[in-house]
Amino acid sequence: MYARALLLRNCGRYTMVRSDFGSDYATCHFLSEESLYAGLTREETRKFGRIDANMQSDFLTGYDVSARPIWFTPGMFVESIEESDTLLKTDRVKYNVVDEIVPSTSKSTVFDKKGNRNFIDRNNIATFGSIESVLPNQKVFTIGISKEERFLSCYAPQDVYLMGKKRTMFEVLGVSDVVRLQEDELQETIPTQVQMEDLNEYFSYTIHDVNARYFLVQGKALKCWRVHFYLDGKSITRFLPGVFVERAERYFGGSS
């Protein structure tokens, strides 16, 4: 299995609504594995077709990962490449609007056949409150893994990709060489998304975030993989939990 580290930056405010309390919307303080796959592959493997609302859907229902077998660790907002702490620096932005020609959260502007401007109420959308967003120009660190080197070698500095439902532009600041994973054990791993049953694969762990689909966990994994690389002029070693690599192999359609 091959790996490559990427350092990105968000060119605009990053918003990925994760919860709401009344009229205050909170955003994720990291980029999910799924968001990075969709963005960094430019949605090339997305499946188009009719969606059955009665069926339980997941990411693999909408994307054929085996067609482009690459996967990424969650994108963590970092102060520098040496640090792995997430940034909690967010900006609470009011999304109240006034009567404008531009699209509004409270009214929709339409024109009749005579050119007169009219308004249609949009009562199904909140018109007050606040929404969090991560400020622009923050660094994001992620590690991509793949069985084939060519799927990792295509990334280069100054490449631009769109992430999240708001399609925020992210620029690649730097990339490491493509390296091989080295098996290890009982090392402190970087944060990854795991299921509840996967927690048994850790000797100790810290849960950074929880939602209906996964835990964002960092800890000392019983089985892990070492990644050593040079990025931004620094020699860096990171460890990936075995459960993360094994899950990626299942997405790719086999084992190494």
Would you say the rings of Tyr14 and Phe170 are close, in the sense that their centroids are separated by under 6.0 Å? yes
To the nearest 0.5 Å, what is the distance between CG (Leu36) and CG (Leu6)? 9.0 Å
Using a 4.5 Å cut-off on heavy atoms from C-beta on, say whether the side chain of Lys223 contacts that of Glu183. yes
Kindly indicate, with the supporting measurements, whether the criterion salt bridge (Lys or Arg N to Asp or Glu O under 4.0 Å) is fulfilled by Arg213 and Glu34. CA-CA 12 Å; Arg213 295 187 293 117; Glu34 294 84 359; 3.7 Å; yes
Does atom CD (Glu44) have a neighbourhood of more than 12 heavy atoms from anything else shown, all under 6.0 Å? yes
Test item: side-chain donor near acceptor, Arg180 and Tyr2, under 3.5 Å: yes
Looking only at side-chain N and O atoms, does Tyr205 offer a donor or acceptor that is under 3.5 Å from a partner on Thr189? no
Hey, does Glu249 have a side-chain heavy atom less than 4.5 Å from the side chain of Met1? yes
Do Phe244 and Gln193 touch side chain to side chain, with heavy atoms closer than 4.5 Å? no
Does a side chain donor of either Trp225 or Gln182 reach within less than 3.5 Å of an acceptor in the other side chain? no
Closer than 3.5 angstrom, by distance alone: can the side chain of Ser146 be matched with the main-chain N or O of Pro69 as a donor-acceptor pair? yes
Check the pair Glu43, Arg167 against salt bridge (Lys or Arg N to Asp or Glu O under 4.0 Å), reporting the backbone distance first and the verdict last. CA-CA 12 Å; Glu43 302 189 36; Arg167 297 299 189 268; 2.9 Å; yes
For a 4.5 angstrom cut-off between non-hydrogen side-chain atoms, does Phe203 reach Gln187? no
Does a salt bridge link Glu171 with Arg9, judged by any charged N lying under 4.0 Å from a carboxylate O? yes
Would you say Gln138 and Glu79 are linked by a side-chain donor-acceptor pair, where the criterion is simply a distance under 3.5 Å? no
Mind checking whether Asp198 and Phe215 have side chains closer than 4.5 Å, heavy atoms only? no
Ser235 side chain to Tyr230 backbone, donor-acceptor under 3.5 Å: no
